[in-house]
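Heads up, the thing below is written out as structure tokens.
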There are 2 protein chains.
Amino acid sequence: MLGSANVSERATEPPDIGVSVVILALGRSGAQGPDSTNMPSAQSPSAQAASAQRPSALSPSAQGDRYARPALWIPLVRRIRQPFLGRWALPGGHPQANISLEDAARSALESTTQLTPRYLEQLYTFGDPSRSQGGLPMVSIVYWALIGATETTEFKEGDNVRWFPTTDLPPLAFDHREIIDYALTRVRNKVAYTDLATRIVGDEFTMSQLREVHEAITGTSLDPANFRRKMLASGLLEPTGRMQTTGRHRPARLYRYVAHESPHR
Amino acid sequence: MLGSANVSERATEPPDIGVSVVILALGRSGAQGPDSTNMPSAQSPSAQAASAQRPSALSPSAQGDRYARPALWIPLVRRIRQPFLGRWALPGGHPQANISLEDAARSALESTTQLTPRYLEQLYTFGDPSRSQGGLPMVSIVYWALIGATETTEFKEGDNVRWFPTTDLPPLAFDHREIIDYALTRVRNKVAYTDLATRIVGDEFTMSQLREVHEAITGTSLDPANFRRKMLASGLLEPTGRMQTTGRHRPARLYRYVAHESPHR
DNA sequence: TCAATAGTGTCTGTAAGACAGTATTAG
DNA sequence: CTAATACTGTCTTACAGACACTATTGA
């Protein structure tokens, strides 16, 4: 059994492999889940601690701010063994010889959140020996996923699974904090030149909703006029013909996303 | 021992891990190595076969063509066991618990080519069960590397290690052909918005030389005037004050690369 | 002188950002 | 009417690509 070998014997052996997932979902601040409205909440002490640390979570650049604007949230699981027992960590599992790495990531995702991702992509493979920090040397193949805005009402939360805003993360096990930061920069870069945002809004959406997604991911605030033109110029959107009225102001046109090729990866 | 387990037993076990490297170097066509001039060549039959297939290897878009223009070459190793015995494959090795994945890639690179890369970056981790094709299920963590133009004269070649132009690759083992193609698209994309090209030209270089590197990697032909302006506008180049005379025409200014931050990864 | 490459000037089209102005709703 | 957001028009700047033009060398 590998576990019984001592350090010098293990040095030239292969490290263990794991698959982890950075799961990102849009949510509004002011509650303990990505989209708090109508959700049965069994608040545990540490959930309260988390939301206590969150004064007005997002709004990186001020403007309006009468309603909380959406931000990125991430589900973490609590470690139930050493090292880092009790710390929050990325959901993960182990690859199996008969399934693809992507499926391993997908199943790790679904078993912790009961959700199906709208987007899933390999992030990076981390394998530096120093990252194990008292654990066994480990290679982590990390994926990142986007959860659609409509699904986030049905997430599951418990004492060992909890959502956190990416702007206010607890101390994490291993190098998981750096992994999340890397995932966030990747997403922020990629949202600018791909159709990522259209994947996570609903089937029908207004320009403002789409823009809010971009703003939540990049943490910036975008000019509505220029954003609209840029999106329409991409040729990936078409009006559904329907409108949406939300407040005491002009109703907004609804659009749908029309897929072309997929210049992915 | 793992090797004695049957298929159904192996299914839920972790796959094996390997580290492979796609090594890219600049070379001119018309010989069997990246930079053929003055090299002791012990041509083997298959080396002759390879160069016989190569009429005028590169020049994707015609212009001038009085001298062969540089193109990307890649070293491959011949497999000495089943499956795919005798086929060409990417150099690789196995990760060890006490060294980083990058160091594992570096040592695989150095043991096959005796060269030190100017640039080394993780490409992707391939782990689909279908890719093993008769071998044991395998996760391959693939890196790609760039070899400097000046080093390519000292490469080592033998019956089991040989350089091929990327435009004319032999049949490869496993899914290594797709891996190389993926590496090439990554490099082509990245050369446009990073300082990759400056890494592989020498310390001093003319604008034409730098432009040739870009052209070789992207496979396009670039306007000298616009290319010059773009490079100078980047602020990463400074004239050394020296000139280089090559033919019966105006001598060219020499530049050097000045590093700023490293907005990498 | 000519051929060849080095290097400059300039025009055009595209796209992003700033920002003024018009449209339509609820109250 | 006002406040709020939806949407349109237009100006400026930056930059990439096309391409004409000048500069300097060897033969």
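Side-chain atoms are counted along with the backbone in the values below, which use heavy atoms only and exclude waters and symmetry mates. Here is how names work: the chains are called A, B, and so on, in the same order as the sequence lines, proteins then strands, and each is numbered from 1. Since the structure is predicted, the reported quantities are computational estimates derived from the model, not experimental observations.
Ring orientation note: the planes of A:F164 and A:W88 are nearly perpendicular, at an angle over 60° on the 30°/60° scale. Ring pair A:Y119/A:W144 is tilted by interplanar angle, where 30° to 60° counts as tilted.
The side chain of A:A225 lies closest to C:dC19, out of D:dA6, C:dC19, D:dC7. Residue A:R248 has its side chain nearest to D:dA3 when only D:dC7, D:dA3, D:dT8 are considered.
Scored by the salt bridge (charged side-chain N to carboxylate O under 4.0 Å, His left out) test, B:R229 finds no partners at all (sequence neighbours excluded).
Electrostatic pairing of B:E110 and B:R106 does not count as a salt bridge here, judged by no charged N lying under 4.0 Å from a carboxylate O.
Distance, B:L222 CG to D:dG17 C1': 11 Å, rounded to whole Å. The interatomic distance linking A:H249 (NE2) with D:dT5 (P) rounds to 6 Å, in whole Å. One atom, CG of A:L237, and another, P of D:dA6, lie 15 Å apart when rounded to the nearest Å. Note: NE2 (A:H214) to C1' (C:dA16) measures 15 Å, nearest angstrom. With rounding to whole Å, B:Q209 atom CD is found 16 Å from C:dG7 atom C1'. If you measure from atom CD of A:Q244 to atom C1' of D:dA4, you get 15 Å, rounded to the nearest angstrom. The CZ-P distance, from A:R250 to C:dA26, rounds to 13 Å in whole Å. Note: CG (A:D223) to C1' (D:dT10) measures 13 Å, nearest angstrom.
Contacts with DNA chain C (heavy atom under 4.0 Å) in residues 226-233 of chain B: B:R228, B:R229, listed by number.
Counting all heavy atoms, side chain and backbone alike, A:L123 lies closest to A:I179 at CD2-O, 3.9 Å. Shown here for B:L120 and B:E102, the closest heavy-atom pair between the two residues is CD2-CG, 3.6 Å. Of all the heavy atoms in B:L76 and B:L172, the pair that sits closest is CD1-CD2, 3.5 Å.
Within the nucleic acid shown, B:T246 has no heavy atom closer than 4.0 Å to any nucleic acid atom. No contact: B:T206 has no heavy atom under 4.0 Å from any strand.
Contact between the side-chain N/O atoms of A:T245 and the OP1/OP2 oxygens of C:dA26 is not found at any separation under 4.0 Å.
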